K.L.:
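One structure, as structure tokens, below. Some questions next.
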Amino acid sequence: QGYPHEDVKSWTRRFRLVQACNKWLGEQALAQFAVHLATTAERWYYAQPPDVRSSLEASLEALEKHFSPFDDFPLLREQLLQRVQLPGESVDAYAFDIQNLSQGKMVVCHVVPW
């Protein structure tokens, strides 16, 4: 969707896997790429020049370049330091977020205001 907490590289890898499983090639693969985008990423795609929109490889490269954070370490560190287990939140859900943050993956942070 193009939100800051999303990992564009994971999305790209997953799209490639789905593409291979469905044997999408050429224009069909490009059309499926566009269909699988949503909200911010979809608006971004349709604002791209025709040379990007006419090539799956160019589209994927531009998508990763645009939506990959330049240096996300400070943001990840801040999220890790601020992440608290919410009342009623399962230990599994909390541990999952901590594990993802520790591996350098963005999460939607749940911070209790003081």
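Count residues from 1 along the sequence. As the structure is a computational prediction, the values presented were derived from the model and not from experiment.
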K.L.:
For Q32 and A29, indicate whether the former's side chain and the latter's backbone hold a donor-acceptor pair under 3.5 Å.
P.N.:
no
K.L.:
Only distances under 3.5 Å count here; give the side-chain donor-acceptor pairs of residues 12-20 to other protein atoms, sequence neighbours excluded, each with its distance to 0.1 Å.
P.N.:
from: T12; atom 1: OG1; to: V8; atom 2: O; distance (Å): 2.9
from: T12; atom 1: OG1; to: E64; atom 2: OE2; distance (Å): 3.2
from: R13; atom 1: NH2; to: S10; atom 2: OG; distance (Å): 3.0
from: R16; atom 1: NH1; to: Q19; atom 2: OE1; distance (Å): 3.3
from: R16; atom 1: NH1; to: E57; atom 2: OE2; distance (Å): 3.1
from: R16; atom 1: NH2; to: E57; atom 2: OE1; distance (Å): 2.8
from: R16; atom 1: NH2; to: E57; atom 2: OE2; distance (Å): 2.8
from: Q19; atom 1: NE2; to: W24; atom 2: O; distance (Å): 3.3

K.L.:
May I ask you to test the F33-L37 pair for a side-chain heavy-atom distance under 4.5 Å?
P.N.:
yes
K.L.:
In chain order, what residues pass the side-chain hydrogen bond (donor to acceptor under 3.5 Å, both in side chains) check against S59, with sequence neighbours excluded?
P.N.:
none
K.L.:
Is the backbone N or O of K65 less than 3.5 Å from a side-chain atom of E61, with the two atoms forming a donor-acceptor pair by type?
P.N.:
no
K.L.:
Of all the heavy-atom pairs spanning A58 and S55, show the shortest one and how long it is.
P.N.:
N-OG, 3.1 Å
K.L.:
Give, for atom CG of L60 and atom CG of L30, the distance between the pair rounded to the nearest 0.5 Å.
P.N.:
9.0 Å
K.L.:
Would you list the atom pairs, donor with acceptor, under 3.5 Å between side chains in residues 45-52 and any protein atom, with sequence neighbours excluded?
P.N.:
from: Y45; atom 1: OH; to: R53; atom 2: O; distance (Å): 3.2
from: Q48; atom 1: NE2; to: W44; atom 2: O; distance (Å): 3.1

K.L.:
Taking atom CG of L56 and atom CG of L25, what is their separation to the nearest 0.5 Å?
P.N.:
10.0 Å
K.L.:
Might you point out which heavy atoms bring Y94 and R83 nearest each other, and give the distance in Å?
P.N.:
CD1-NH1, 3.5 Å
K.L.:
May I ask you to decide if A62's main-chain N or O and H66's side chain share a donor-acceptor pair within less than 3.5 Å?
P.N.:
no
K.L.:
If you round to the nearest 0.5 Å, how far is OG1 of T40 from CZ of F67?
P.N.:
6.5 Å
